[in-house]
Structure formats: structure tokens, C-alpha cells
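Have a look at the structure below before the remarks.
For reference, positions follow the sequence shown, starting with 1.
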Amino acid sequence: MFPIRDHNPSGRTPFVTYALIAINVAVFLYSLQFEGAPRAQLNFYAEYALVPRFLSEGFGYSGLFTSMFLHGGFMHIAGNMLFLYIFGDNLEDEMGHIGFTLFYVAAGLGAGLIHWTSAPLSNVPTVGASGAIAGVMGGYLLLFPKARVDILLILVVIFKIIPVPAWLMLALWFAMQLFGGWSAPSDQGGVAYWAHVGGFVVGLVLTIPVWLRRGATSYWNRTHGHPPHPEKEYAFERSHVPRVQGRKSHTQVPRIRRK
């Protein structure tokens with residue numbers, strides 16, 4: 001189950017959202033040159049990823065920022081950019097281009113710091129934009145809790161698109177991150193759940209001033225919990241998603257955490 005689109009395009013062009021997507025894709029394409037060269041890839045991650053032990057020892061602080069633009073594979077960046085594309089435009093519309101840029105960076109830095117506190121002695125490099133994007137999702141939840149989001153539900157061979165309110169989809173996502181954070185070791189490779197949780201909470205808190213300026217609960221009453229734009233309707237058809245065969249690799253690559 002994952003979102004594929006929302007029903008409320010922004011009222012103006014989300015230049016910052018598009019620019020962030022373009023930068024992330026460009027950096028990912030640049031990083032592909034290190035595929036198949038584990039030592040070079042490890043050096044690249046050591047320089048630009050977030051390594052918690054480095055912060056604990058007093059260096060590597062730039063990784064809090066640069067790690068937000070690194071990704072550990074095609075599915076990793078594709079998923080992150082899809083979430084940013086769906087939820088970023090409306091938040092940028094409300095905050096303005098500069099405000100949204102500062103918000104995105106602050107959420108990403110906050111997510112990185114919370115991940116560091118969860119495993120301060122970990123040597124595993126952490127990469128990914130999803131800490132910052134989780135902040136975007138937290139802000140979206142506060143401003144547009146009833147916006148309709150289409151999710152693709154996959155049950156074995158059944159593919160179905162279902163519209164749900166944003167609060168339901170985002171609450172389920174947040175609950176899964178909490179469960180993952182409590183159940184998965186924080187000092188090993190995999191998903192950086194606490195970065196997701198932290199980014200979401202930081203983003204929600206940072207959006208409170210915007211929500212209050214808009215009138216708080218009266219803003220919800222005026223907009224009915226939706227972005228203040230006409231909804232876009234889609235034709236719902238059964239989705240035909242081709243099956244993709246996985247490709248095995250015998251090359252050992254550095255272990256990383258994805259966020």
C-alpha cells in the first residue's frame with residue numbers, strides 16, 4: 001500500500017519541490033559511477049552520508065545536510081521522490097518558496113539529529129531524503145488532514161486504487177515507522193525509522209505557526225481540511241503493473257541505512 005497521487009494540485013508552480021526532485025535525481029545519477037566499486041562507494045558515503053559515530057566524535061556534521069540528497073538505490077529514490085511530489089506542492093503553496101525551502105532543510109536536519117540520538121555509536125552511513133520528506137508529510141497532516149490521497153493497494157495479484165483521507169494514510173505510515181523503530185536494531189543497516197519519526201514530528205511542529213496564522217481550527221472549517229484549491233478528479237481503472245524480475249549481484253557493497 002503506497003500513495004500514487006492526491007486530488008489537490010497546487011495553485012502555483014512548486015518550483016522548490018521540482019528543484020529538490022531534480023537535485024536528488026542528479027546526485028543519484030552521479031553516485032552510480034561508484035556501483036561495483038565498494039571501496040570508492042564507501043569513501044563516498046563516509047564523506048557525504050550521515051555517520052552517527054562521526055558526530056559523536058566531533059566531526060562529520062556536514063553529513064546531516066548532504067545525506068539528504070543521497071540514495072541507496074533506484075527504488076529508494078523513486079519512493080522518496082514520489083512522496084515529495086505528492087505532498088510537497090501544497091505545502092510549498094502555503095509556505096511560499098523560501099519558507100518551504102527553510103522548512104524542508106530544518107526538517108531534514110532535525111530528522112538526522114534524532115536518528116543520531118537513536119544510535120550515536122553506529123558506523124553505518126545513513127542516506128536519503130525521507131527524513132525531510134517525513135517533515136513535509138507531518139506538515140501536510142496538520143494543514144490538510146482530509147485531503148484525498150489515492151493509494152495503490154496490492155494484494156497478491158490484485159491491484160486496486162483507493163482514495164482515502166490524508167490523515168488515515170499518514171497516521172498508518174507514522175504508526176508503521178514507530179513500530180519499526182521499536183522493533184528494529186538502531187545500529188544496523190536497513191531503514192532509519194527514527195529519522196522518519198523525528199522528521200514527521202519536527203515538520204508537524206514547524207507547521208504549527210503557519211496553521212495558527214491561517215486561523216487554526218477555523219482554517220479547517222473554511223477549507224474542510226483540504227488544500228484551498230478545486231479538487232481534480234481521476235478516472236479509476238484497474239491498474240496493470242508488469243512484473244519485474246530481480247537481478248542478482250555478487251558484488252559486495254557497503255551496508256547503509258536508508259531514510
Side-chain angles (χ1 to χ4, degrees), residues 1-21 79-111 114 129-153 160-178 196-236:
M1 180 181 75
F2 57 91
I4 59 173
R5 62 196 178 196
D6 67 353
H7 284 251
N8 295 89
S10 59
R12 52 181 170 174
T13 304
F15 293 111
V16 175
T17 299
Y18 292 162
L20 288 169
I21 293 173
N80 277 351
M81 295 305 100
L82 176 63
F83 273 67
L84 178 57
Y85 177 77
I86 292 173
F87 298 109
D89 60 338
N90 292 122
L91 214 59
E92 182 178 346
D93 207 12
E94 290 297 304
M95 294 182 174
H97 303 311
I98 296 176
F100 179 72
T101 301
L102 297 175
F103 166 87
Y104 182 90
V105 172
L109 294 176
I114 290 172
S130 56
I133 296 169
V136 173
M137 294 162 67
Y140 194 99
L141 174 63
L142 180 61
L143 293 180
F144 318 119
K146 295 184 179 179
R148 286 200 299 166
V149 177
D150 290 342
I151 61 172
L152 176 61
L153 182 64
K160 190 172 181 63
I161 296 174
I162 302 174
V164 299
W167 70 263
L168 177 60
M169 180 261 152
L170 294 172
L172 286 173
W173 181 89
F174 185 72
M176 288 189 292
Q177 306 316 302
L178 279 175
H196 296 173
V197 172
F200 190 93
V201 173
V202 169
L204 193 152
V205 171
L206 290 177
T207 309
I208 289 176
V210 178
W211 179 65
L212 292 175
R213 286 198 300 270
R214 295 294 188 275
T217 54
S218 64
Y219 177 70
W220 288 342
N221 293 333
R222 292 196 308 272
T223 63
H224 306 288
H226 293 74
H229 312 293
E231 282 197 357
K232 181 176 182 179
E233 295 296 332
Y234 299 98
F236 289 92

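- Between Ala129 and Asn80, the shortest heavy-atom contact is N-ND2, 3.5 Å.
- Closest heavy-atom contact between Ala107 and Gly135: CB-CA, 3.9 Å.
- Sequence neighbours left out, not one pair with a member in residues 196-208 passes salt bridge (charged side-chain N to carboxylate O under 4.0 Å, His left out).
- Applying the side-chain hydrogen bond (donor to acceptor under 3.5 Å, both in side chains) test to Tyr219 and every residue at least two apart in sequence or in another chain returns Glu94.
- The side chain to side chain donor-acceptor pair (under 3.5 Å) analysis of residues 9-19, with sequence neighbours excluded, yields the pairs Arg12-Asp93, Thr17-Glu92.
- Heavy atoms from other residues, nucleotides or ligands lying under 6.0 Å from CH2 of Trp167 number 12 at most.
- Contact detail for Val136 and Tyr104: the closest heavy-atom pair is CG2-CD1, 4.0 Å.
- A search for side-chain hydrogen bond (donor to acceptor under 3.5 Å, both in side chains) contacts involving Arg222 returns nothing, not counting sequence neighbours.
- Counting all heavy atoms, side chain and backbone alike, Asn8 lies closest to Asp89 at O-OD2, 4.3 Å.
- The ring pair (Phe, Tyr, Trp, His ring centres under 6.0 Å) search around His97 returns Phe15, not counting sequence neighbours.
- With sequence neighbours left out, Gln177 forms a side-chain hydrogen bond (donor to acceptor under 3.5 Å, both in side chains) with His196.
- When all heavy atoms are compared, the tightest approach of Phe100 to Met95 is N-CB, 3.9 Å.
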Would Phe174 and Leu141 count as a side-chain contact (heavy atoms from CB on, under 4.5 Å) here? Give the steps. CA-CA 11 Å; Phe174 185 72; Leu141 174 63; over 6 Å; no

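- The salt bridge (charged side-chain N to carboxylate O under 4.0 Å, His left out) pairs that include a residue from residues 134-146 number zero, where partners must be two or more places apart or lie in different chains.
- Contacts of Leu168 classified as side-chain contact (heavy atoms from CB on, under 4.5 Å), with partners at least two apart in sequence or in another chain: Val164, Pro165, Leu172.
- The structure places CG of Leu170 at 12.0 Å from CZ of Phe144, a figure rounded to the nearest 0.5 Å.
- Judged as a side-chain hydrogen bond (donor to acceptor under 3.5 Å, both in side chains), and not counting sequence neighbours, the contacts of Tyr140 are Asp6.
- Between Ile162 and the options Leu152, Asp150, Ile151, a side-chain contact (heavy atoms from CB on, under 4.5 Å) holds for only Ile151.
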Just distance, no hydrogens or angles: give the donor-acceptor pairs under 3.5 Å from side chains in residues 198-213, sequence neighbours left out.
residue	atom	partner	partner atom	Å
Thr207	OG1	Gly203	O	2.6
Trp211	NE1	Ala216	O	3.3

